[in-house]
**Student:** 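If you scroll down you'll find the structure; I have some questions about it.
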Amino acid sequence: MIDVVSVSLGAPGRDRDTVVRVGGDAVRVRRVGCNGDYEKAQRFLSELDGKVGAIGLGGLNFSYRTQEKTWPMPGATRLRQAVRLTPLVDGSGFKDAIEPQAAQALPGKGRALVVSVLDRPAAARALAAAGYRVQAGDPHFALGMPIWPSDARFQAMAAVAMPILRHLPRGAVYGERPDRTERQPARWDVIWGDVQLLRRHPVGLGGAILIGGSLRSDDADWLRQRGVRMLIAASPPVDGEVFGANVWDAILAALHGRALRRDEMEDAWTALYGRQGWVTIV
């Protein structure tokens, strides 16, 4: 059996331990939430190194990117040093190579919000190519600022701010927080990004199409209660759950015995799920 573990800086309340079938293989998928505690995450990573097929890093990327620049994250660099034998991935390969295909399911007009352009620059590009006017949610969801810059304006803002902001502790924006509520119409036709950030930093969702990863039944129920018009999973559900990008990155790495390059990701995914019909509307 293939063993995959997601070590996340997110809340432990979403931890799992389940066995699923991916293609013809049985895969044990575990999640360990560290609630923003880097030392705890580092201990888990060290303990897992050499003992599992692959590890996904959740709640933190190795780097954050705009279309022009890349900023390595010091916290992720430290965590990366704890793993020497096992493939360690952060989901960015899946977000770049596979998730943007979800834009094919959209009508292609209106305004779109990407919850974090730094986390999903490929999603912003895909939405723009589909005809949407794209806005960045990073200032609101990461810093609590009530501003929604266009993607182009955000590129300029990030170039100035990220050399400083990348040193802030990620746990400050991704740790344990109570769900909050806002039942208002959305100002966007499409919202793309992390549902857990939407739960902690409420914005109007009513009438919007939402594209998300790492979805469970309670997430879908929560979104429907807030009037989401359509929910598109960025990958196929497995046993009723939509895994996050770092889990899929880790599964593909475990199946191939190494972390895949981004130019290999699409062929590996196609071998599992084909080129059509993988976007699931729930």
**Student:** Can we say R261 and D263 salt-bridge, meaning some charged N sits less than 4.0 Å from an Asp/Glu carboxylate O?
**Tutor:**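 Looking at D263 together with R261, the answer is yes, because their closest N to O distance falls below 4.0 Å.
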**Student:** Cluster question for you: counting only ILVMFWY and a side-chain heavy-atom cut-off of under 4.5 Å, with indirect links fine, are F243 and Y273 together?
**Tutor:** yes
**Student:** Any donor-acceptor pair under 3.5 Å linking the side-chain atoms of R166 with those of S63?
**Tutor:**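 On atom types as modelled, these side chains do not qualify, holding no pair under 3.5 Å.
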**Student:** Report the C-alpha separation of S8 and R14 in whole Å, then their side-chain angles, then the decisive distance to 0.1 Å, and conclude whether the side-chain contact (heavy atoms from CB on, under 4.5 Å) test is met.
**Tutor:** CA-CA 10 Å; S8 175; R14 294 177 63 81; over 6 Å; no
**Student:** Check the side chains of Q155 and D151 for a donor-acceptor pair under 3.5 angstrom, ignoring hydrogens and angles.
**Tutor:**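 Judged by distance alone, the side chains do pair up.
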**Student:** In terms of hydrophobic clustering (I, L, V, M, F, W, Y; side-chain heavy atoms under 4.5 Å; direct or indirect links), are F154 and V114 co-clustered?
**Tutor:** yes
**Student:** Check each of V22, D25, V19, V52 against I2 using the side chain to side chain contact (heavy atoms under 4.5 Å, CB included) test, and report the only one that passes.
**Tutor:** D25
**Student:** Looking only at the side chains, is there a donor atom on one of R111 and Q135 sitting less than 3.5 Å from an acceptor on the other?
**Tutor:**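 Their side chains do contain a donor-acceptor pair, which is all the 3.5 Å distance test asks for.
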**Student:** Using a 4.5 Å cut-off on heavy atoms from C-beta on, say whether the side chain of V238 contacts that of V27.
**Tutor:**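 They are not in contact (no side-chain heavy atoms under 4.5 Å apart), so the answer is no.
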**Student:** When you group the ILVMFWY residues by side-chain heavy-atom contacts below 4.5 Å and let the links chain together, are M265 and V4 in the same group?
**Tutor:**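 Shared cluster, yes.
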**Student:** Could you check whether K109 pairs with D189 (Lys NZ or Arg NE/NH1/NH2 to Asp/Glu carboxylate O, under 4.0 Å)?
**Tutor:**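 No, K109 and D189 are not salt-bridged.
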**Student:** Any salt bridge between D219 and R199, counting N to O under 4.0 Å?
**Tutor:**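 A salt bridge is present here (some side-chain N lies under 4.0 Å from a carboxylate O).
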**Student:** Please tell me whether S6 and N246 have a donor and an acceptor in their side chains that are separated by less than 3.5 angstrom.
**Tutor:**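 Yes - a donor-acceptor pair under 3.5 Å links their side chains.
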**Student:** Would K95 and D249 pass as an ion pair if we require N to O under 4.0 Å?
**Tutor:**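 Between D249 and K95 there is no salt bridge, as every charged N stays at least 4.0 Å from the carboxylate O atoms.
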**Student:** Can the ring centroids of W269 and F94 be said to lie less than 6.0 angstrom from one another?
**Tutor:** yes
